[in-house]
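Keep in mind that the numbers below use all heavy atoms, side chains included, and drop hydrogens, waters and symmetry copies. None of these values were measured; they are calculated from a predicted model. We name chains A, B, ... by the order of the sequence lines, and we start the count at 1 in each one.
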Number of protein chains: 2
Amino acid sequence: MKFTIVKSSVVVVTLTVLSLSLARAQEPLSSWNDGAAKQAIVEFVKATTAQGSPQFVPPEERIATFDQDGTLWVEHPMYTQIVYCLERVPALVKTRPELKNKEPFKTVLSGNQEAIARLSTNELVEILAATMTGMSVDEFSAEAKQWITEAKHPRWKRPYTELTYQPMQEVLQYLRANGYKTYIVTGGGQDFVRVYAEQVYGIPPEQVVGTAGGTKYGYDKSGKPFLTKEPKLLLNDNNAGKPEGIHLMIGRRPFAAFGNSTGDQQMLEYTKAGAGARLAMIVLHDDAEREYAYGPAQGLPDTKVGTFTQALYDEAKKNGWTVISMKNDWKTIFPFEGK
Amino acid sequence: MKFTIVKSSVVVVTLTVLSLSLARAQEPLSSWNDGAAKQAIVEFVKATTAQGSPQFVPPEERIATFDQDGTLWVEHPMYTQIVYCLERVPALVKTRPELKNKEPFKTVLSGNQEAIARLSTNELVEILAATMTGMSVDEFSAEAKQWITEAKHPRWKRPYTELTYQPMQEVLQYLRANGYKTYIVTGGGQDFVRVYAEQVYGIPPEQVVGTAGGTKYGYDKSGKPFLTKEPKLLLNDNNAGKPEGIHLMIGRRPFAAFGNSTGDQQMLEYTKAGAGARLAMIVLHDDAEREYAYGPAQGLPDTKVGTFTQALYDEAKKNGWTVISMKNDWKTIFPFEGK
């Protein structure tokens, strides 16, 4: 009799675990508040994956693309890659001393944060080119990998890799669980993002599309072949470069795309213009307390990092893109919250 | 009693089917003759996928790259894509009549096969650029798709898409069954090969790396966005361009690579130079009867299509690449044989 009771308990426990699992399976976006944004994601997935749905998409065509900076992780006060390149300057000057007294490297070496913040786009591009090219692909990858494990964000004092948005991680998982191949399509350097994308987002190198330079094949003294990163730009993966990069690297139009700035406008347009059910979503940084609030669409200053203009907001509304309010749609922001 | 016999028969039939299935599972390269080439493939797969093997490769790193023309399908007497571009010239001249009396288009329109065969590489490049750019990505894809279903190879009078090598199809399947992601890395046009690669090889567009031009994002009269194919070359996916293209599009070094000509040399070197077990294989066209025999490595004429030099043969032997003899290693050549 006792034995039977034990068995019943096991059944009860099993059923409880099962129903919890089912509840979780039915509730895959648990860091999202109920609302239009969450509903848009769930309805899109149902429409494109349910057998018999008129908008069913064959598994091999299920492509979803995500901008990175400001869409999957924090982009303020400065893009992570810019921080990396600025911090690489001292090591660069050691190997190329002629740059020491040359601008913009001189300003970076001065450590004067205000002067560094005033560097022009062209000056930043010069720094990016000097710190991200000229070495072998393997050397670059090893250096960037080392840096990303050590560098910390000035506000949260945590590695940048921990500052991903938990709700977006859940979207990545939810889409993948429903047969979608998830891609990063970033204005950032393709080789830089590839260094950590697999560990941070579960996205392998071959599913990272980014701003890409050429490489040059050659041989070392022992005859072993290697690739050197060249300062030749092949793809500027911003604005119109995003759909162009998607065609180059993926060759299919996405069914879902996620962005947060004018740099993502064309990717969202291109995605939404396809036939059938298409999901275009755009993250609005409107949570000054838990993250940041910025951008002209909210009457806030344009900080030049992840610009969200009023025109973009109007286009989103007109074209049926869904605006994600960080403040209202996201229950938690970061994976480490509540831990 | 009768009923029992029937049941036994069912068991016998079931067991027979099962053992046949097992035999097939154990014998995945059934169009290959036993020999060094088949053995190299099987041993490589065992070494990189068996749990506990010192050369075990995690599933996410299992990348295999295949040249197309001459490696996966027939490349003689002319690359399929060249045939396509030549056959597109009359339609091109209809939309651009100014080309009618201009070389090399005039020669192509003349239909003089000997004169066409004498066109220089530069003239062919001019024809390729004119027939493969200037239209939208969707228009190009629709036209190429239509052509590939209708065009036939002059010798076999079958669609080009039927002239794939059955033993290589089995290698693709065998590698995929063992967790490898299979890529085409072709000197041919990326957009052209993507049109049929999924149907012909089970390789999706995002796993086709080829010679690639730029595209330009724009809007039609109704405001709908589209991409136009531009005559700007982004990647010449031949020779050193193959490892460079692999880095650009895949971002990982392959563990296995297959080629058949000097255009594949650097891809094979790059693959073989990686740590651990690496497989580099090169197809030798030495079967004049069932397919073709050509190339200086056999003391045969260099037909300029898929050149296999003596130097390449020597490098293969020196570096531990495996040479595949079509004549000796392949039981059957084409999927339609024996059907």
Side-chain angles (χ1 to χ4, degrees), chain A residues 59-61 63 137-138 141 181 183 190-191 193-195 197-198 202 204-210 212-220 222-230 234-235 239-253 265-274 319, chain B residues 59-61 63 137-138 141 181 183 190-191 193-195 197-198 202 204-210 212-220 222-230 234-235 239-253 265-274 319:
Chain A
E60 66 273 17
E61 292 179 24
I63 302 283
V137 157
D138 292 340
S141 175
K181 225 174 191 175
Y183 281 81
Q190 185 167 278
D191 284 346
V193 179
R194 279 174 170 174
V195 162
E198 189 148 32
E206 61 268 27
Q207 286 164 227
V208 174
V209 177
T215 56
K216 195 171 165 55
Y217 183 82
Y219 306 88
D220 69 13
S222 72
K224 200 176 166 178
F226 70 102
L227 293 168
T228 303
K229 284 174 69 68
E230 296 275 285
L234 288 183
L235 173 68
N239 306 103
K242 290 211 173 190
E244 291 162 9
I246 287 168
H247 178 71
L248 178 68
M249 306 272 193
I250 311 177
R252 306 192 199 251
R253 192 193 297 253
Q265 179 195 338
Q266 290 83 351
M267 174 171 75
L268 294 163
E269 289 171 351
Y270 182 64
T271 299
K272 197 71 183 168
N319 289 355
Chain B
E60 65 273 17
E61 291 178 25
I63 302 283
V137 157
D138 292 341
S141 176
K181 224 173 189 175
Y183 282 80
Q190 184 167 277
D191 284 347
V193 179
R194 279 174 169 173
V195 162
E198 191 149 29
E206 62 269 27
Q207 286 164 226
V208 175
V209 177
T215 56
K216 197 173 163 52
Y217 183 82
Y219 305 90
D220 69 13
S222 72
K224 200 175 166 180
F226 70 101
L227 293 168
T228 303
K229 283 173 71 67
E230 296 274 285
L234 288 184
L235 174 67
N239 306 101
K242 291 210 173 190
E244 292 163 7
I246 287 169
H247 178 71
L248 177 68
M249 307 271 193
I250 311 177
R252 306 192 199 250
R253 193 193 296 253
Q265 180 195 338
Q266 290 84 351
M267 174 170 76
L268 294 163
E269 289 171 352
Y270 182 64
T271 299
K272 197 71 183 170
N319 289 355

Check your understanding: Is the closest side-chain heavy-atom distance between Tyr219(A) and Gln266(B) below 4.5 Å?
Key -> yes
Practice item. Please report the shortest heavy-atom distance between Gly251(B) and Pro205(A), naming the atom on each side. Key: O-CB, 4.1 Å
Practice item. Give, as side chain, backbone, both or neither, the part of Glu244(B) having an atom under 4.5 angstrom from any heavy atom of chain A. Key: both
Revision key, fill the gap. Residues at least two apart in sequence or cross-chain that pass salt bridge (Lys or Arg N to Asp or Glu O under 4.0 Å) with Lys272(B), listed by chain then number, are none
Exercise for review: Working to the nearest 0.5 Å, report the span between CG of Asn239(B) and OH of Tyr217(A).
Suggested key: 10.5 Å
Review point. Which answer fits Asn319(B), side chain, backbone, both or neither, if we ask what part of it has an atom under 4.5 Å from a heavy atom of chain A?
Key: neither
Check your understanding: Using non-hydrogen atoms only, which part of Glu269(A) is less than 4.5 Å away from chain B: side chain, backbone, both, or neither?
Key -> both
Exercise for review: Please round to the nearest 0.5 Å and tell me the distance separating atom CG of Leu248(B) and atom CG of Leu227(A).
Suggested key: 11.0 Å
Point to revise | Rounded distance (nearest 0.5 Å) linking atom CD1 of Ile246(B) with atom CD of Glu206(A) | key: 12.5 Å
Check your understanding: Between His247(B) and Thr215(A), which heavy-atom pair has the shortest distance, and what is it?
Key -> CD2-CG2, 3.6 Å
Check your understanding: What residue, out of Met249(B), Glu198(B), Arg252(B), Glu60(B), has the most heavy-atom pairs lying under 4.5 Å from chain A?
Key -> Arg252(B)
Practice item. Could you look at Ile63(B) and say if it's the side chain, the backbone, both or neither that has a heavy atom under 4.5 Å from chain A? Key: side chain
Exercise for review: Among Lys181(B), Gln207(B), Arg253(B), single out the residue with the greatest number of heavy-atom pairs under 4.5 Å to chain A.
Suggested key: Lys181(B)
Practice item. Applying ring pair (Phe, Tyr, Trp, His ring centres under 6.0 Å), name anything that partners Phe226(B), two or more places apart in sequence or on another chain. Key: none
